[in-house]
Amino acid sequence: MELNNVRLINNPVICQSLTVMRNKKTDSQGFRFAARKISRVLLYEASKNLPLVDKDIETPITKCTVKDIADDITIIISPILRAGLIFTDEAIDILPNARIRHVGMYRDEETLKPVWYYNKVPAITSNPEKYYVYITDPMLATGNSMLEAVRLYVNKNIPIKNIKSLNIIAAPEGIEFLHKEFPELEIITAAIDERLNEKGYIVPGLGDAGDRIFNTVVV
Ligand code: URA
């Protein structure tokens with residue numbers, strides 16, 4: 001499989017948290033805690049594309065010139081409802097100026113296609129090249145919802161190099177599907193699993209991420 005523009009982040013801390021998430025015996029609180037640990041690392045990775053500027057400050061010792069994130073940019077965190085919300089607390093900790101723009105799609109269980117139910121992302125009137133967008137969804141499965149979300153921002157003239165897909169687990173099918181339309185889209189993920197099953201779930205995966213985060217697993 002072509003792995004251009006896929007950044008796989010799999011250090012031991014991530015592996016450990018992913019093991020917790022995959023284990024069906026992990027309860028909802030443990031699942032969320034592990035997911036947040038991984039999402040924080042993925043967000044740090046994504047932030048590597050933010051422009052830096054020089055800033056003059058004074059430490060308690062001396063004046064100096066240091067680097068800081070440019071303040072003339074707009075950072076958008078776009079969680080795909082509902083599982084993508086697990087990234088938001090971490091995101092606003094790390095990037096306090098980020099705007100959170102929720103996008104809501106549910107998966108039609110027959111067609112596996114996304115159906116929009118929430119999109120209030122406004123038009124972008126000036127300098128779209130100064131927007132940096134991180135779209136979050138713990139599971140990149142078929143890629144249908146992520147593709148819709150990426151299109152939403154590309155249609156607002158935000159350069160594809162400024163848009164990233166942040167996923168805890170990605171399926172090869174989802175990666176291929178996204179890259180067919182947007183080969184330059186960078187996907188940042190903690191794992192690439194084997195495949196999708198006939199219901200569109202990632203194998204081995206971790207089940208339904210939304211249900212496990214929000215404790216709605218039906219037993
Ligand atoms: N969404 C999930 O939550 N899990 C999957 O395996 C696929 C899509």
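What you see below is based on every heavy atom in this structure, not just the backbone, and it leaves out hydrogens, waters and symmetry mates. Numbering of ligands and ligand atoms starts at 1, following listing order.
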Below 4.0 angstrom from a heavy atom of [X], which ligand 1 atoms are there? Numbered from 1 as shown, please.
{"X": "A141", "value": "7 (C), 8 (C)"}
{"X": "M139", "value": "1 (N), 2 (C), 3 (O), 4 (N), 5 (C), 6 (O)"}
{"X": "G200", "value": "7 (C)"}

For ligand 1, the portion of A209 having any non-hydrogen atom under 4.0 Å away: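 The part of A209 near ligand 1 is both the backbone and the side chain.
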
Heteroatom proximity flag, I202 to ligand 1, N/O under 3.5 Å: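 The answer is yes, given that I202 and ligand 1 share an N or O pair closer than 3.5 Å.
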
If you measure from the Lys or Arg side-chain nitrogens to the Asp or Glu carboxylate oxygens, is any gap between [X] and [Y] under 4.0 Å?
{"X": "R32", "Y": "D27", "result": "no"}
{"X": "K164", "Y": "E45", "result": "no"}
{"X": "D193", "Y": "R22", "result": "yes"}

Under 3.5 Å: donor-acceptor pair, side chain of D54, backbone of D56: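 No, D54 side chain to D56 backbone: no donor-acceptor pair under 3.5 Å.
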
Side-chain heavy-atom pair L95, I69 within 4.5 angstrom cut-off: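 L95 reaches I69 side chain to side chain.
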
CD (E184) with more than 12 external heavy atoms under 6.0 Å: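 No, not enclosed.
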
Taking atom 5 (C) of ligand 1 as the reference point, the nearest protein heavy atom with its distance: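 For atom 5 (C) of ligand 1, the nearest protein heavy atom comes out as Y201 CD2, 3.4 Å.
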
Contact check, G207 vs ligand 1, heavy-atom distance below 4.0 Å: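 Heavy atoms of G207 do come under 4.0 Å of ligand 1.
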
